[in-house]
Amino acid sequence: DAKTTQPTSMDCAEGRAANLPCNHSTISGNEYVYWYRQIHSQGPQYIIHGLKNNETNEMASLIITEDRKSSTLILPHATLRDTAVYYCIVRDSSYKLIFGSGTRLLVRP
Amino acid sequence: ETGVTQSPTHLIKTRGQQVTLRCSSQSGHNTVSWYQQALGQGPQFIFQYYREEENGRGNFPPRFSGLQFPNYSSELNVNALELDDSALYLCASSSALAGASTDTQYFGPGTRLTVL
């Protein structure tokens, strides 16, 4: 089973920041937090991952709380093309990704 | 750099038939994982191949099998197709040693299989 809890859906206005929360209260010390997104009928797209520290790349920022029990994915300036299902995944040392139901983000014009 | 590619894009089969789906890994990647995504659900892990051997398997019956070739491309074979096998089949490739938690998996566009 997925080790994360995410809201079913969210929306934000185009041009504003989208903040997607994820709870992972049972995360272990060596487990990473990964974020993927899936635009309708396409393969999941890797966004970002982190262990303890906050991370930023050209797509997004990942903020992980100090106790590591939750995290937030931030899309700084959401566009209509960011409308997608966003998956937060806690990755242990195994080979597989365990996807939950994700958050359906709708970016409004 | 070429990304992960999959073929065919779409496929229609009937119950009881067999199907083979193909995946070419991203340049420099040596590990391939397969996932099944039913409509409205998140992807579910089927199995992973590393060095031409199955490295791990999810909760799927033996009629789901695979191969990895020396060039790291891979096939997913499904025998005795059932209606519930209708899904998007996703392939993901990665480059680290199998089992490493930091080997980021990059997905292909998927193959949409419909079983009638």
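Below, read A as the first sequence line, B as the second, and so on, with proteins coming before strands; counting in each chain starts at 1. Worth saying up front: this structure is predicted, and the values here are computed from it rather than measured.
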Are [X] and [Y] grouped together when hydrophobic residues (ILVMFWY) are joined by side-chain heavy atoms under 4.5 angstrom apart?
{"X": "A/Leu105", "Y": "A/Ile63", "result": "no"}
{"X": "A/Val85", "Y": "A/Ile89", "result": "yes"}
{"X": "A/Leu97", "Y": "A/Leu51", "result": "yes"}
{"X": "B/Val19", "Y": "B/Leu83", "result": "yes"}
{"X": "B/Tyr89", "Y": "B/Leu81", "result": "yes"}

Distance check, rounded to the nearest 0.5 Å: [X] atom [atom1] versus [Y] atom [atom2]?
{"X": "B/Gln105", "Y": "A/Tyr46", "atom1": "CD", "atom2": "OH", "answer": "12.0 Å"}
{"X": "B/Leu90", "Y": "A/Gln42", "atom1": "CG", "atom2": "CD", "answer": "11.0 Å"}
{"X": "B/Thr104", "Y": "A/Ile48", "atom1": "OG1", "atom2": "CD1", "answer": "10.5 Å"}

### Query
Taking B/Pro109, B/Gly110, B/Gly42, B/Pro43 one by one, which has the highest count of heavy-atom pairs under 4.5 Å against chain A?
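Most pairs with chain A among the choices: B/Pro43.
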### Message
Counting only non-hydrogen atoms closer than 4.5 Å, does B/Tyr35 touch chain A with its backbone (N, CA, C, O), its side chain (CB onward), both, or neither?
### Response
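For B/Tyr35, side-chain heavy atoms alone lie under 4.5 Å from chain A.
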### Message
Please classify the contact of B/Gln37 with chain A as side chain, backbone, both or neither, using a heavy-atom distance under 4.5 Å.
### Response
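Contact with chain A involves the side chain of B/Gln37 alone.
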### Task
Please indicate whether A/Asp67 has more than 12 foreign heavy atoms, meaning atoms of other residues, nucleotides or ligands, lying under 6.0 Å from its CG.
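Enclosed.
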### Task
Kindly check if the number of other-residue, nucleotide or ligand heavy atoms within 6.0 Å of CZ (A/Arg16) is above 12?
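No, because the 6.0 Å sphere around CZ of A/Arg16 holds 12 heavy atoms or fewer from other groups.
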### Task
Compare every heavy atom of B/Gln41 with every heavy atom of A/Tyr87, then report the nearest pair and how far apart it is.
OH-O, 4.0 Å
### Query
Is it the backbone or the side chain of A/Gln45 that comes under 4.5 Å from a heavy atom of chain B, or both, or neither?
neither
### Message
For A/Tyr36 and B/Phe107, I'd like to know if the aromatic rings sit close, meaning centre-to-centre distance below 6.0 Å.
### Response
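Distance test on ring centres: under 6.0 Å, yes.
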### Query
Which is it for B/Leu88 and A/Gln38 under the side-chain contact (heavy atoms from CB on, under 4.5 Å) test, yes or no, and what are the steps along the way?
CA-CA 12 Å; B/Leu88 180 67; A/Gln38 188 172 26; 4.2 Å; yes
